[in-house]
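Step one of this worksheet: look at the structure below.
Letters A, B, ... are given to chains in the order of the sequence lines, protein chains preceding strands, and every chain is numbered from 1. Note that the structure is predicted; figures quoted are calculated from it, not measured.
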Amino acid sequence: MSKPEKFIEDGIRLDGRKIDELRPIKFEVGILNRADGSCYLEMGGNKVVAAVYGPREVHPRHMQKSTTAIVRYKYNMASFSVEDRKRPGPDRRSTEVSKVSRQALEPVIFVEKYPRSVIDIFVEVLQADAGTRAAGINAASVALADAGIPMKCLVSACAVGKVDDTLVLDLNKDEDNYGQADVPVAVTPGGNITLLQMDGHLTSDEFKTGLEMAKKGCADIYKLQKAALMAKYSDDTEGGSNE
Amino acid sequence: MSNEIISELRKDYIYNLAIKEERVDGRSFKDYRELTIDTGVIDKAEGSALVRLGNTEVIVGVKIQPGTPFPDTPDKGVIITSLELIPLASPEFESGPPREDAIELARVVDRGIRESGAIDLSKLCIEEGEKVWMVFIDVHVLDDGGNIMDAAALGSIAALMTAKLPAERYDLGTDGDVPMRDVPVAVTAALIGGSVVLDPTNEEETVAGTRMTVISNQDGALSGMQKSGEAPLTTEQMNYIVDIAIEKAKEIREKFLEI
């Protein structure tokens, strides 16, 4: 698709959303048998699976820390997840995404409870539709809880961006490709920012307003994450979906 | 970088100073270390810059040559940024392919240049779909005194501003300047205790819970940001960093990078 002439008409975006509206989100907890914790997430057109293993023994041994657990995060895109086939295996982008995502989750994990061990988080992007790192963090956060890893809280993530000189929440593919800015944000329910990146063009006032929008979006995602976990571990069958 | 080994006593000292709003080298929280930028230091490169920021020393070489454009942007030039943390620069660095720290640094430098539109890529097209100028920005870190990020970003833009398109060498007309439109400047803050300090030294980086890089343009708008590190930031800290980073970038640009 080429660049649309207008992204927003009468306050409604091309996919029918309002400017501060998230895409449809659906969490499913504990979908994998072998993993200690897992989560499947659909966020708009994104389909991601997160699996958590551990705390378990560290291999290679020299990576282990004597006082805390280490956290590893591997973000990987399936070769069929994007329009043009992606060459399999890690690349520079996925290395960076893995690093910032790990650092988005690490502050909420009680790593000091498990010295000399590792908590492995694997995120597989099956279908990509803008905002995969946020989707990965949302799913990984739930998978960590599903694995019973002691955490201070969950982490929720979404992006805010700019199209047609207007700030919009949770960019879709076209808004991401042809938009003016993209700011992925991850926050804790208490409002602490654990991930923030930005590219594009924003004034400082736009940034500050955008950050508040993203925090609101994250707060809504947090409710869905909690509901998804409750659905699995209690007899409350509401589930984690905003559809 | 941040996993460097320094004594716990030294860490406590730095931390306790920060609480008293002081720093080891006597700077205020918003001060940069002494900065010098020398351009044209490598004759063989189309553009180059040697940046000294306190004890940090970074050399940037820009090589420009004709090549094939990417299929999705047939009428645009190509920028490729790489950075290596070679063992010469710090006892903490190991040889081998770039790891996540080096990749992150290179990608943030690249983001600042790309997203600010600093280079007019459409003017780097020689023949649509066939031949465009490829701009390789290679950052060589010589001495890690902390805040490699800002030194690398400054060196890259300074090298680009003085770089020439080597058209004569490839029978493509006369040599020209790289078409520059903006001067993005990266400013990095570190969070030590609850305090925000600019331009952290390598020692301060070991104590810092997180670093936040903010890249801003001539018009004062933002073109790139990256939070790097485990410690969370509050919204107030974040907004404060954005404000002082834009102000500091303006200062640095006026002093060192006026076109």
Side-chain angles (χ1 to χ4, degrees), chain A residues 2 65 68 71-75 83-84 90-109 111 152-153 155 162 177 180-188 190-212 214-215, chain B residues 2-3 70-72 80-83 97-108 110-117 182 184 191 209-217 219-247:
Chain A
S2 58
K65 281 193 186 161
T68 68
V71 179
R72 288 191 293 217
Y73 191 109
K74 279 235 160 66
Y75 164 101
E83 205 90 355
D84 295 319
D91 54 20
R92 292 167 69 85
R93 176 179 172 277
S94 69
T95 307
E96 188 204 339
V97 172
S98 297
K99 176 184 187 282
V100 294
S101 303
R102 182 189 76 228
Q103 292 180 334
L105 292 167
E106 234 176 314
V108 305
I109 303 172
V111 284
K152 293 181 188 135
C153 53
V155 174
K162 184 166 76 163
N177 284 356
Q180 297 155 291
D182 178 19
V183 189
V185 179
V187 295
T188 64
N192 281 313
I193 301 162
T194 65
L195 172 139
L196 194 139
Q197 296 179 285
M198 181 242 156
D199 59 65
H201 184 277
L202 281 182
T203 65
S204 64
D205 287 340
E206 284 172 334
F207 169 74
K208 287 168 192 171
T209 315
L211 184 56
E212 292 308 318
K215 280 168 69 178
Chain B
S2 52
N3 48 1
F70 290 121
D72 54 341
I80 294 169
T81 312
S82 1
L83 180 147
R99 283 186 250 177
E100 57 179 29
D101 281 336
I103 291 173
E104 182 183 38
L105 285 164
R107 284 178 60 88
V108 177
D110 187 270
R111 201 172 298 160
I113 292 165
R114 199 176 293 279
E115 299 294 332
S116 63
D182 210 322
L191 190 69
T210 199
R211 277 172 294 162
M212 185 73 220
T213 301
V214 176
I215 307 170
S216 53
N217 304 338
D219 63 358
L222 306 164
S223 59
M225 281 194 252
Q226 181 91 344
K227 177 179 173 297
S228 177
E230 287 91 16
L233 286 170
T234 64
T235 309
E236 293 72 41
Q237 286 166 337
M238 191 59 240
N239 290 342
Y240 171 71
I241 292 171
V242 167
D243 289 339
I244 57 171
I246 293 173
E247 193 184 306

Salt bridge (Lys or Arg N to Asp or Glu O under 4.0 Å) with Glu100(B): of Arg102(A), Lys99(A), Arg72(A), only one passes, and it is Arg102(A)

First locate atom CE of Met198(A), then atom OG of Ser223(B), and finally report the distance between them rounded to the nearest 0.5 Å.
-> 6.5 Å

Going from NZ on Lys208(A) to CG on Asp243(B), what distance comes out if it is rounded to the nearest 0.5 angstrom?
-> 3.0 Å

Of the backbone (N, CA, C, O) and the side chain (C-beta and beyond), which part of Asn217(B) lies under 4.5 Å from a heavy atom of chain A, both, or neither?
-> side chain

Could you pull out the closest heavy-atom pair between Thr235(B) and Leu211(A), with the gap in Å?
-> CG2-CD2, 3.7 Å

Hey, what do you get for CE (Met212(B)) to CD1 (Ile193(A)), rounding to the nearest 0.5 Å?
-> 8.5 Å

Counting only heavy atoms closer than 4.5 Å, note whether Glu212(A) contacts chain B via side chain, backbone, both or neither.
-> side chain

Measure Leu196(A) against the heavy atoms of chain B and call it side chain, backbone, both or neither at under 4.5 Å.
-> both

d(Asn239(B) CG, Asp205(A) CG) to nearest 0.5 Å is 9.5 Å

Max heavy-atom pairs within cutoff under 4.5 Å with chain A, candidates Val108(B), Val242(B), Ile246(B), goes to Val242(B)

Indicate the atoms forming the closest heavy-atom contact of Ala106(B) with Arg92(A), along with that distance.
-> CB-NH2, 3.3 Å

Calculate, to the nearest 0.5 Å, the distance between atoms CD and CD belonging to Glu96(A) and Gln226(B) respectively.
-> 4.5 Å

Answer with side chain, backbone, both or neither: which region of Leu233(B) has an atom nearer than 4.5 Å to a non-hydrogen atom of chain A?
-> both

Does anything in residues 222-238 of chain B pair up under salt bridge (Lys or Arg N to Asp or Glu O under 4.0 Å), and if so which pairs, sequence neighbours excluded?
-> none

Would you mind reporting whether Asp84(A) and Asp72(B) have side-chain heavy atoms less than 4.5 Å apart?
-> no

Note: vs chain A, highest number of non-hydrogen pairs under 4.5 angstrom among Ser216(B), Ser228(B), Gly209(B), Gly112(B) is Ser228(B)

State, with a plain yes or no, whether a side-chain heavy atom of Gln103(A) is found less than 4.5 Å away from one of Thr210(B).
-> no

Under 4.5 Å, counting heavy-atom pairs only, tell me which of Gln197(A), Gln180(A), Glu106(A) racks up the most with chain B.
-> Gln197(A)

Please indicate whether Lys215(A) has more than 12 foreign heavy atoms, meaning atoms of other residues, nucleotides or ligands, lying under 6.0 Å from its NZ.
-> yes

Under the side chain to side chain contact (heavy atoms under 4.5 Å, CB included) test, which residues partner Pro232(B), sequence neighbours left out?
-> Pro107(A), Asn192(A), Thr194(A)

Among Val187(A), Thr95(A), Val183(A), Thr188(A), the residue with the most heavy-atom pairs under 4.5 Å to chain B is Thr95(A)

Is Arg107(B) paired with Asp199(A) through a side-chain N to carboxylate O contact shorter than 4.0 Å?
-> no

